[in-house]
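Shown next, in structure tokens, is the structure this report addresses.
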Amino acid sequence: MPHHQLPSHLPLRRISTLVHLRSQRRFPTPSPEHFRPLLPCLWSIRRPTSRKLSTAPSARAYDTDFADMGKEGKGNFQLKTPKGTRDWSGKDVVLREQIFSTLTKVFKRHGGVTIDTPVFELKDTLTGKYGEDSKLIYDLANQGGEICSLRYDLTVPFARFLAQNSVQSIKRYHVAKVYRRDQPAMTKGRMREFYQCDFDIAGQYDLMLPDAEILRIIHEVFEDLPGWKGKFTIKVNHRKVLDGIFQICGVPTDKIRTISSAVDKLDKSPWEEVRREMVEDKGLDEAVADKIWEFVKLKGGKDVVEKLQSMAEINENESAKQGCEELALLCKYLEIFDVLPVVSIDMSLARGLDYYTGLIYEVVTEGSAPPAASKDVAKKEKKHKKNADPDEDRSNDPTIGVGSVAAGGRYDELVGMFSGKPIPCVGISFGVDRIFSITKARLGDADGVRATEVDVFVMAFGSGKEFTGLLPERMEFAKTLWDAGIRAEYMWKAKPKFQNQFKAAETTKVPWAVILGEDELRAGKVAIKEMGLPADHPDKNGVQVEKKDLVEELQARFAGRRLPDRTVGAS
């Protein structure tokens, strides 16, 4: 058979000539539809569009990847998540869902209602709200004439929501992801994409009552979380007290916020390093810095408030005096709520965000501070800054701790920045990923956390050529359990081996097994077995129950109710 050259390999001039000659024959003039099958051939010989290569490193990398795409085995594409993010699966998802469940249960207990807001906001909405941390906001490209940014937290979007919808009072909770272009330390829960769980109270109420309830909510959450009971501290301070102290010490008004940010680093850096930053980097007088230290080193219980109230300079400063009075009233309410024992009134707590106006607080635990000694922290931190790669994962850096696992405060003026009508607000934000990192480390392997929440594994017992696998029966029992709201599964094989079924149940830590046997089924019975019992336990081999009573028997066991002995072979 002769070989004919494909049309796509013909020169464009040859193709046009053939078309012209064909049109001169006696055949009718072709319509455009005659040439439609030829169009793919013409596309393949179309002159490629030229594009000037960029000299920018990021663009050159794109050009290289683009040029290699389609070349088998030569592409530079790498399957990975962006820096500061991760995939979630298996037990990690289950544990995180348990944290979500604990938080939302407490939020609802206190009358919270949930809202949701867009993952990105207009950039102007976020601008000027976060102080020095504004540099960590992720800005998006201009789309449709709007300049937007990914939300940095859930508080500013909430304030925008209140102003836009003219909401005067609400108890709201919000569970959602936020984004910060911070330097990641993944294993310590310091990420660029992470969940926050917020609870906020907005509206006009008597002094310190909503604030006290927020601290009570914090207490309930960490008492209920696995591995946290008695292992957390709520650090508390007041912006009015702190601002008054700065005024007393002689800090210029235009430096109060930047000096406040420096003081906030005392939880991870020694005073010598913080003082150096104040004096050398921010131009504060040395005598003023030394005077600040006499105040910010104070920490303890309500005795700290009493000591401050006894100082003449505090009482002569209106801001500091008012802040101390509010702290004293708060302590009175916290005693009623039984929260005061876990509270530390700490004058070094500053919270760097600009929108706080009153009470501020954060929750710390073992692991919040850097593992390195305080003197080593400043030394290593200074060395790191010289060659700092902002995208480097610092999980193994001893100068980095988990940090606070929850934080918040009062922000009475934030809503007014949008609407001109201030609405008092106070709230708390829980860092789920930081809580997760510490919880997982504390629970270890003996945590009982399972990859699934299945309660019952339906399995068939039998062997030999005559064994059918009881697949229809297993499916029927699974359906019965599902109809009753019981979480159950079975192996998707027609004739599974009994040991393989058992292994599947043990691997996923399913606590109960329903075992079907041909003889037992004919007698109208099945066996219920609690997994993981010791060898000498009387129920080690399971107990037989009537088929019709299976759901009731399982539900009774789930509730921990004591049942009569029905071990196999019992009379």
Side-chain angles (χ1 to χ4, degrees), residues 102-103 105-112 169 171 173 198-225 228-245 267 295-311 314-315 319-351 356-366 368 404-412 424-430:
T102 300
L103 287 161
K105 182 176 66 176
V106 175
F107 295 161
K108 291 178 181 179
R109 185 186 302 157
H110 287 262
S169 64
K171 282 184 178 181
Y173 69 90
D198 282 21
F199 188 96
D200 293 80
I201 302 173
Q204 286 283 359
Y205 302 101
D206 284 350
L207 198 63
M208 305 312 291
L209 286 173
D211 310 67
E213 184 157 350
I214 291 290
L215 294 182
R216 170 66 192 188
I217 288 171
I218 297 171
H219 180 269
E220 289 180 20
V221 165
F222 285 102
E223 285 290 302
D224 289 350
L225 284 172
W228 284 83
K229 192 176 182 66
K231 295 182 180 180
F232 64 95
T233 300
I234 307 173
K235 294 168 62 175
V236 173
N237 200 358
H238 202 297
R239 267 287 171 83
K240 291 179 181 178
V241 176
L242 198 59
D243 289 351
I245 287 173
D267 61 338
F295 285 98
V296 298
K297 66 183 178 181
L298 296 175
K299 64 179 65 177
K302 63 179 182 179
D303 56 298
V304 172
V305 181
E306 295 169 353
K307 182 174 182 177
L308 288 171
Q309 287 183 306
S310 68
M311 297 180 180
I314 293 291
N315 290 313
S319 177
K321 180 182 177 181
Q322 185 179 350
C324 285
E325 289 172 352
E326 293 182 8
L327 280 176
L329 182 60
L330 177 71
C331 289
K332 178 181 177 181
Y333 294 152
L334 294 182
E335 281 186 303
I336 297 173
F337 283 158
D338 196 26
V339 177
L340 200 56
V342 299
V343 168
S344 171
I345 297 175
D346 190 335
M347 290 297 107
S348 69
L349 176 64
R351 302 292 301 148
Y356 290 125
T357 58
L359 189 72
I360 51 177
Y361 35 81
E362 67 180 25
V363 181
V364 296
T365 184
E366 182 182 354
S368 290
S404 61
V405 293
R410 175 161 287 280
Y411 50 102
D412 288 346
C425 297
V426 62
I428 179 66
S429 178
F430 295 88

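Just so it is clear, the structure is predicted and the values come from calculations on it, not from any experiment. Note that these values count all heavy atoms, side chains included, but never hydrogens, waters or copies made by symmetry.
Scanning for side-chain hydrogen bond (donor to acceptor under 3.5 Å, both in side chains) contacts around Glu335 gives Lys302, with sequence neighbours left out. Applying the side-chain hydrogen bond (donor to acceptor under 3.5 Å, both in side chains) rule to Ser348 yields the partners Asp346; only residues at least two apart in sequence or on another chain are considered. In this view, Glu223 and Lys229 satisfy the side-chain hydrogen bond (donor to acceptor under 3.5 Å, both in side chains) rule, not counting sequence neighbours. For Phe232, the ring pair (Phe, Tyr, Trp, His ring centres under 6.0 Å) partners at least two apart in sequence or on another chain are Phe222.
Considering Val241, Leu308, Asn315 in turn, Asn315 is the only one that fulfils the side chain to side chain contact (heavy atoms under 4.5 Å, CB included) rule with Lys321.
Between the side chain of Arg239 and the backbone N or O of Tyr356 there is at least one donor-acceptor pair closer than 3.5 Å. The main-chain N or O of Thr102 is never found under 3.5 Å from a side-chain atom of Asp224 such that the two would form a donor-acceptor pair.
Applying the side-chain hydrogen bond (donor to acceptor under 3.5 Å, both in side chains) test to residues at least two apart or on different chains, the pairs with a partner in residues 209-222 are Arg109-Glu220, His110-Glu213, His110-Glu220, Lys171-Glu213, Asp211-Arg410, Arg216-Glu220.
The two atoms that bring Lys235 and Leu349 nearest to each other are O-CD2, 3.3 Å, heavy atoms only. Among all heavy-atom pairs drawn from Gly301 and Ile345, the shortest one is O-CD1, 3.6 Å. Closest non-hydrogen pair, Cys324 versus Ile314, comes out as SG-CG2, 4.0 Å. Here the shortest heavy-atom pairing between Asp243 and Ser319 reads CB-OG, 4.3 Å.
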Side-chain atoms of residues 199-209: list all donor-acceptor pairs with protein atoms under 3.5 Å, sequence neighbours left out, distances to 0.1 Å.
unit_1 : atom_1 : unit_2 : atom_2 : d
Asp200 : OD1    : Arg172 : NH1    : 2.3
Asp200 : OD2    : Tyr411 : OH     : 2.5

Mind listing the side-chain donor-acceptor pairs of residues 325-333 below 3.5 Å, one per line with the distance, residues two or more places apart or on another chain?
unit_1 : atom_1 : unit_2 : atom_2 : d
Glu326 : OE1    : His238 : NE2    : 2.6
Glu326 : OE2    : Lys240 : NZ     : 3.4

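A heavy-atom distance below 4.5 Å is found between the side chains of Phe430 and Ile218. When side chains are defined from C-beta on, Asn237 counts as touching Met347, because their heavy atoms get closer than 4.5 Å. A 4.5 Å side-chain heavy-atom check between Ile234 and Val339 finds at least one atom pair inside the cut-off.
For the pair Glu366 and Lys231, the salt-bridge criterion is not met [side-chain N within less than 4.0 Å of a carboxylate O].
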